[in-house]
Amino acid sequence: MSAFILYQGQKIAIPENTKIDELANAIKAMQNNVAFSWVTLNLDGPEPKRVRLMVGPGIPIGIISDPMDGHEPNVTDDSLRDFMKDPE
């Protein structure tokens, strides 16, 4: 499975052994915190790299993963209610 973080318009590969749900929950907790934090990813390859992403309130970040990661998509109105706002 290949998964990426979308950060500032860039796709950054998530290491294969990373548990996506745990990463998503950690990022969510950081986003809900008042202070800023760092997510550090050690990227393998011919030239290994360490990437540090600043995470905090107002910094958009997304995780893109294979839809077959063990979860069924849930796009019902109930699951999306927190993300939807009524027009005023």
Measuring from atom CG of L53 to atom CG of L41, what distance do you get when rounded to the nearest 0.5 angstrom?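 Atom-to-atom, L53:CG and L41:CG are 6.0 Å apart.
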
How many angstroms lie between CD1 in I61 and CE in M30, if you round to the nearest 0.5 Å?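 Result: 8.5 Å between the selected atoms.
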
Check: I5 and V51 side chains under 4.5 Å, non-hydrogen atoms: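 When only atoms from C-beta onward are counted, I5 and V51 do not touch, as no gap falls below 4.5 Å.
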
Hey, are the side chains of L23 and I63 touching, using non-hydrogen atoms and a 4.5 Å cut-off?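 Side-chain contact under 4.5 Å: yes.
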
Among all residues two or more places apart in sequence or in another chain, which pass the side-chain contact (heavy atoms from CB on, under 4.5 Å) test with I59?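 Here the qualifying residues are Y7, Q8, F36, M54.
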
Nearest heavy-atom neighbours spanning G45 and P48: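 Looks like O-CD, 3.5 Å.
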
How close do P57 and A35 get, heavy atom to heavy atom, and via which atoms?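 Shortest heavy-atom separation between P57 and A35 comes out as CD-O, 4.0 Å.
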
Scan for side chain to side chain donor-acceptor pair (under 3.5 Å) pairs involving residues 28-47, sequence neighbours excluded, and state none if there are none.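 Found N42-R50.
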
N17: which residues meet the side-chain hydrogen bond (donor to acceptor under 3.5 Å, both in side chains) condition with it, sequence neighbours left out?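 With sequence neighbours excluded, N17 shows a side-chain hydrogen bond (donor to acceptor under 3.5 Å, both in side chains) to no residue whatsoever.
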
Mind checking what makes side-chain hydrogen bond (donor to acceptor under 3.5 Å, both in side chains) contact with R52, not counting sequence neighbours?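 R52 satisfies side-chain hydrogen bond (donor to acceptor under 3.5 Å, both in side chains) with no other residue.
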
